[in-house]
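Just below is one structure, and these are the notes that go with it.
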Amino acid sequence: MWLKFHGINYRAQIWLNGKRLGKITGMFNAKAFDVTDIVDLHGENALAVDIDPVDYPGSNLPPKKPVPGAKGEGHNGGDGEIGKNTTMLMSVGWDFTFPDGVRDRNTGIWQDVELYATGPVQIKNPYVQSKLPLPDTTTAKETISALLENSTNKEQKGVLAAEVKDLGIHIKKSVTLLPHEKRQIILDPSDYPTLNVQHPKLWWPINKGAQHLYSLTLSFVSANAAEKATTKKKVINKVISKCIDLNKTALSHQITTQFGIRNISTDRNTPDSSRRFLVNGVPVFIRGANWIPEAMCKQTEDRTYHELRYIHQAGFNLLRLWGGGIAESDQFYHLCDSLGIMVWSEFWITGNTRFPKDTSVYMHNLRSTIKRIRSHASVAYYVSANESTELPGAGRVIYSLDSATNYQRQSECCGVHDGSPYTYVNPMQYFDNTASKRGSRVDGFNPEYGAPCLPILSSLKEMMPAKDLWPINKKVWDYMDGGGFHKMTTDYDAAVKAFGQSDNLADYVKKAQLVGAMNYRSIMEVWDYNKFGFGDRFASGFLFWYINSPEPQVASRLYDWSLEPTAALYYTKNGLEPLHVQFDYLKNTVSVSNDYRKAFKGYEVICDVYDLNTKKISHQKRKVDIPADGVVNNLFKVDFPKDITPVHFIKLNLLDNTGKVVASSFYWRSTDAYKGPWTITGPATGGFEALNTLKRFNWKAQHALSQKMENL
């Protein structure tokens with residue numbers, strides 16, 4: 001009988017029925033205790049867990065001694081002391097969460113507690129490593145490994161069986177373990193021909209192909225137990241050859257894990273030496289996002305499911321687990337496997353905080369995490385730190401446990417440049433590629449590039465008293481904005497007012513959704529425009545900063561903390577759709593992007609322009625052949641009559657070679673002159689007051705509901 005704790009923050013001692021089991025240290029360490037002789041199988045059991053908080057709780061106040069942060073970035077991480085622990089660093093306070101931190105630094109049991117039974121031999125850390133002879137993907141070599149642990153003081157003999165039914169893999173290996181021995185067992189394709197797979201079904205990220213997953217079942221059948229279970233006397237070698245078919249009392253342990261056959265690699269074979277990701281030998285433009293945890297570790301399986309469904313719906317293909325956050329759950333990785341979302345896993349060091357004091361605790365937590373996640377098809381990249389550098393030796397530890405996954409020492413090096421913007425800026429700045437104050441821009445590989453979006457009305461009402469909602473109480477709103485970092489009451493507010501003054505909160509929120517929608521889609525479209533050098537410059541990928549709300553906040557994202565979607569979700573989905581027709585606010589041109597691995601010929605783009613009275617005043621169309629995984633930029637320039645109304649609308653349709661609409665986009669534009677960056681001017685921001693004069697109309701619609709079962 002085993003009692004396993006999957007995560008306790010920070011130091012814990014554990015007792016069962018008055019007997020001390022042992023201790024756990026570090027937030028990301030999992031540990032199982034043998035309770036066979038302690039647990040009462042027929043009565044009540046008393047479990048006691050004594051938990052100490054982090055050794056160095058730190059303060060949200062500025063540091064007394066300088067802490068090296070990223071160039072041009074504001075202060076974060078408090079006094080930096082929390083970095084001396086192996087824990088969730090953002091709990092001390094950050095500019096996107098509680099500015100004064102989480103009071104107890106999230107002390108407690110924060111992951112599952114599991115009770116399970118095995119026989120004398122237990123299977124741990126199953127791992128399947130695939131090797132493809134790229135560029136050939138018609139064959140694959142699979143190496144299976146696992147740790148076998150003899151939990152008894154007697155020698156154990158038996159059979160380790162590995163089975164992957166879909167691949168016809170059925171392997172049995174005789175094993176003898178000494179008392180309390182732990183041994184790594186490796187099943188190599190050079191020894192077992194069935195591990196040389198012909199015509200495998202590959203795993204691909206979203207838009208690139210199917211997310212095919214295989215199931216590996218590992219079983220250990222104890223010959224000792226089998227010998228007892230049978231009434232006939234057999235010599236031990238016959239028992240070993242047949243015990244897999246004997247009574248289940250011979251089964252010591254069985255474990256099933258999923259894996260995907262794929263190769264995810266990175267290189268810098270780009271014109272600007274920026275980082276590039278390849279899957280199965282195919283370059284993949286990264287349209288990713290940064291994931292930060294729920295601020296008080298109140299994440300549930302249900303919440304994780306819905307968040308990742310939103311992210312998949314939007315069209316992101318990679319999530320970065322930011323270094324000041326946590327090591328995510330098994331369910332998180334399982335869902336990413338199924339949804340085709342690659343994962344960049346970062347390990348609990350930031351440039352805003354000091355280094356871990358107890359390096360042995362850090363390394364033990366690192367090993368525990370890598371062993372747990374490495375078999376997942378979605379695991380794409382390991383990074384030691386956010387805007388800092390690795391703890392010496394971390395790279396060697398990672399490579400020794402998973403040599404198939406690429407690694408870099410920190411988030412802003414090795415072909416990945418600095419990040420930002422993070423706050424609201426005029427969308428025109430994305431189009432003219434105005435560098436942020438940190439120097440960040442739309443080219444190469446950018447690890448952090450984003451903007452906020454106000455939540456919907458019902459979610460705002462859950463956050464604070466009505467008296468603070470309207471008129472806007474700047475002090476309260478700024479607190480709910482990570483200390484005012486995202487400028488929701490200043491720059492964002494000015495952009496909302498460009499749509500006209502509001503006399504109530506509901507009207508203000510409606511206009512604020514338009515601001516968020518414009519920013520989010522513009523970011524996606526400008527990066528797609530420059531994908532792999534099809535545009536004015538070369539870009540290999542970006543990671544939106546950040547995608548999920550850690551707490552109830554007015555600086556929300558695709559969805560708010562209450563899991564209510566904002567307009568940003570739908571306009572991001574439009575900007576990231578695999579086939580997309582888009583408008584450039586700076587050049588007034590129309591482009592078409594394609595995220596699929598196949599070309600499309602004989603398609604047609606139709607552009608209709610409507611004035612404020614919804615009268616069609618311009619109609620243009622153009623045939624287009626769209627390259628595989630490419631972009632057709634500046635297909636044509638949109639004609640805007642000189643006497644057009646100050647606010648007008650653009651409707652773009654992309655038709656396939658049968659005349660069917662396969663993609664469409666809708667834009668609102670003004671004739672306001674763009675007066676340069678850091679202003680609220682131009683056709684994407686200024687002069688939208690006239691929208692308030694739009695006539696209301698009645699509409700009728702019919703709908704039908706259908707239910708589709710999904711097995712994720």
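Along the sequence shown, residues carry numbers from 1. Bear in mind the structure is a predicted one, so any value in this text is a computation, not a measurement.
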Side chains of Tyr449 and Leu543: closer than 4.5 Å at any heavy-atom pair? no
Heavy-atom closest pair, residues Thr566 and Ile456: CA-CG2, 4.4 Å
So, Trp291 versus Phe544, ring centres under 6.0 angstrom or not? no
Rounded to the nearest 0.5 Å, the OG atom of Ser664 sits from the CG atom of Leu652 at a distance of 8.5 Å
Validation row: Met524, Phe316 side chains within 4.5 angstrom (heavy atoms): yes
Shortest non-hydrogen contact from Ala517 toward Ala567: CB-CB, 4.0 Å
So, taking the atom named CG in Asp560 and the one named CG in Leu454, what distance separates them when rounded to the nearest 0.5 Å? 9.5 Å
Ser540 versus Ser274, side-chain donor and acceptor atoms under 3.5 Å: yes
Distance in Å, Ser593 OG paired with Trp527 CH2, rounded so as to fall on 0.5 Å steps: 15.0 Å
Flag the pair Arg287 and Asp528 as a salt bridge only when some basic side-chain nitrogen lies within less than 4.0 angstrom of an acidic carboxylate oxygen. yes
Rounded distance (nearest 0.5 Å) linking atom OH of Tyr305 with atom CD of Gln331: 10.0 Å
Is a donor from one side chain sitting under 3.5 angstrom from an acceptor on the other, for Gln299 and Thr304? yes
Interatomic distance, Met296 atom CE to Glu551 atom CD [nearest 0.5 angstrom]: 10.0 Å
Between Ser345 and Tyr333, is there a side-chain donor-acceptor contact under 3.5 Å, judged purely by atom types and distance? yes
Parallel, tilted or perpendicular: ring planes of Tyr422 versus Trp545, cut at 30 and 60 degrees: perpendicular
On the 0 to 90° scale, with breaks at 30° and 60°, tag the Phe583-Tyr585 ring pair as parallel, tilted or perpendicular. perpendicular
With side chains defined as the heavy atoms from C-beta onward, is the minimum distance between Arg275 and Tyr381 less than 4.5 Å? yes
Taking the basic N atoms (NZ, or NE/NH1/NH2) and the acidic carboxylate oxygens, is any pair closer than 4.0 Å for Asp672 and Lys675? no
Who are the ring-ring contact (aromatic ring centres under 6.0 Å, His included) partners of Tyr56, not counting sequence neighbours? none
Report yes if some heavy atom in the side chain of Cys297 is under 4.5 Å from a heavy atom in the side chain of Met27; otherwise report no. yes
Looking only at the side chains, is there a donor atom on one of Glu462 and Ser562 sitting less than 3.5 Å from an acceptor on the other? yes
Looking only at side-chain N and O atoms, does Glu689 offer a donor or acceptor that is under 3.5 Å from a partner on Asn692? no
Is Arg303 salt-bridged to Glu307, cutoff N-O under 4.0 Å? yes
What's the shortest heavy-atom distance between Val647 and Gly687, and which atoms? CG2-O, 3.2 Å
Do the side chains of Asp79 and Leu61 get nearer than 4.5 Å, heavy atoms only? no
Do Thr107 and Val54 have side chains that get closer than 4.5 Å, going by heavy atoms? no
Can you list everything that forms a salt bridge (charged side-chain N to carboxylate O under 4.0 Å, His left out) with Arg441? Sequence neighbours excluded, please. Asp418, Asp443
For the residue pair Asn207 and Asp595, confirm or rule out a side-chain donor-acceptor distance under 3.5 Å. yes
Counterpart residues, ring-ring contact (aromatic ring centres under 6.0 Å, His included), relative to Tyr382 (two or more places apart): Phe347
Show your working on side-chain contact (heavy atoms from CB on, under 4.5 Å) between Leu579 and Glu577 and close with a plain yes or no. CA-CA 5 Å; Leu579 275 177; Glu577 59 188 344; 5.8 Å; no
Find the distance between CD (Gln313) and CG (Leu576) and round it off to the nearest 0.5 Å. 11.5 Å
Establish, from distance only, whether the side-chain atoms of Asn76 and Asp95 form a donor-acceptor pair under 3.5 Å. yes
For Ser591, which residues count as a side-chain hydrogen bond (donor to acceptor under 3.5 Å, both in side chains) partner, sequence neighbours excluded? Asn633
Do Pro677 and Gln429 have side-chain heavy atoms sitting under 4.5 Å apart? yes
Please check if the number of heavy atoms outside Lys510 that lie under 6.0 Å from its NZ is greater than 12. no
Does Glu301 CD have over 12 foreign heavy atoms under 6.0 Å away? no
Assess, by modelled atom type and distance only, whether the side chains of Asn365 and Thr86 contain a donor and an acceptor separated by less than 3.5 Å. no
Would you say the rings of Phe649 and Tyr610 are close, in the sense that their centroids are separated by under 6.0 Å? no
Taken in chain and number order and not counting sequence neighbours, the residues that satisfy side-chain hydrogen bond (donor to acceptor under 3.5 Å, both in side chains) with Tyr674 are Asp432
Applying side chain to side chain contact (heavy atoms under 4.5 Å, CB included), can you list everything that pairs with Asp112, at least two apart in sequence or on another chain? His6
State, yes or no, whether a side-chain contact exists between Leu89 and Thr87 at a heavy-atom distance under 4.5 Å. yes
Using the test ring-ring contact (aromatic ring centres under 6.0 Å, His included), find all partners of Trp470 that sit at least two apart in sequence or belong to another chain. Tyr508
Is there a donor-acceptor pair closer than 3.5 Å between any side-chain N or O of His376 and the backbone N or O of Ile373? no
Sequence neighbours excluded, which residues qualify as ring-ring contact (aromatic ring centres under 6.0 Å, His included) partners of Tyr479? none
Is Arg557 positioned over the aromatic face of Tyr546, cation under 6.0 angstrom from the ring centre and no more than 45 degrees off axis? yes
So, using side-chain hydrogen bond (donor to acceptor under 3.5 Å, both in side chains) as the criterion, who are the partners of Tyr10 when residues are at least two apart? none
Check the pair Leu569 / Tyr559 against side-chain contact (heavy atoms from CB on, under 4.5 Å), numbers first and verdict last. CA-CA 7 Å; Leu569 170 65; Tyr559 49 91; 5.7 Å; no
Sequence neighbours excluded, which residues qualify as side-chain hydrogen bond (donor to acceptor under 3.5 Å, both in side chains) partners of Lys487? none
Say whether Thr350 and Asn386, considering side chains only, have a donor N or O and an acceptor N or O under 3.5 Å apart. no
Checking Gln553 against His486: is there a side-chain donor and acceptor pair closer than 3.5 Å? no
Between Gln408 and Gln410, the two heavy atoms sitting closest are NE2-O, 2.6 Å
Taking the six-membered ring where the residue is Trp, are the ring centres of Tyr571 and Tyr520 under 6.0 Å apart? no
Assess the pair Trp344 and Trp322: is the distance between their ring centroids shorter than 6.0 Å? no
Pairs where residues 311-337 contributes a residue and the test salt bridge (Lys or Arg N to Asp or Glu O under 4.0 Å) is met, not counting sequence neighbours: Arg320-Glu346, Arg320-Glu448, Asp330-Arg372
If the condition is side chain to side chain contact (heavy atoms under 4.5 Å, CB included), which residues does Asn473 pass it with, not counting sequence neighbours? Asp468, Lys475, Val476
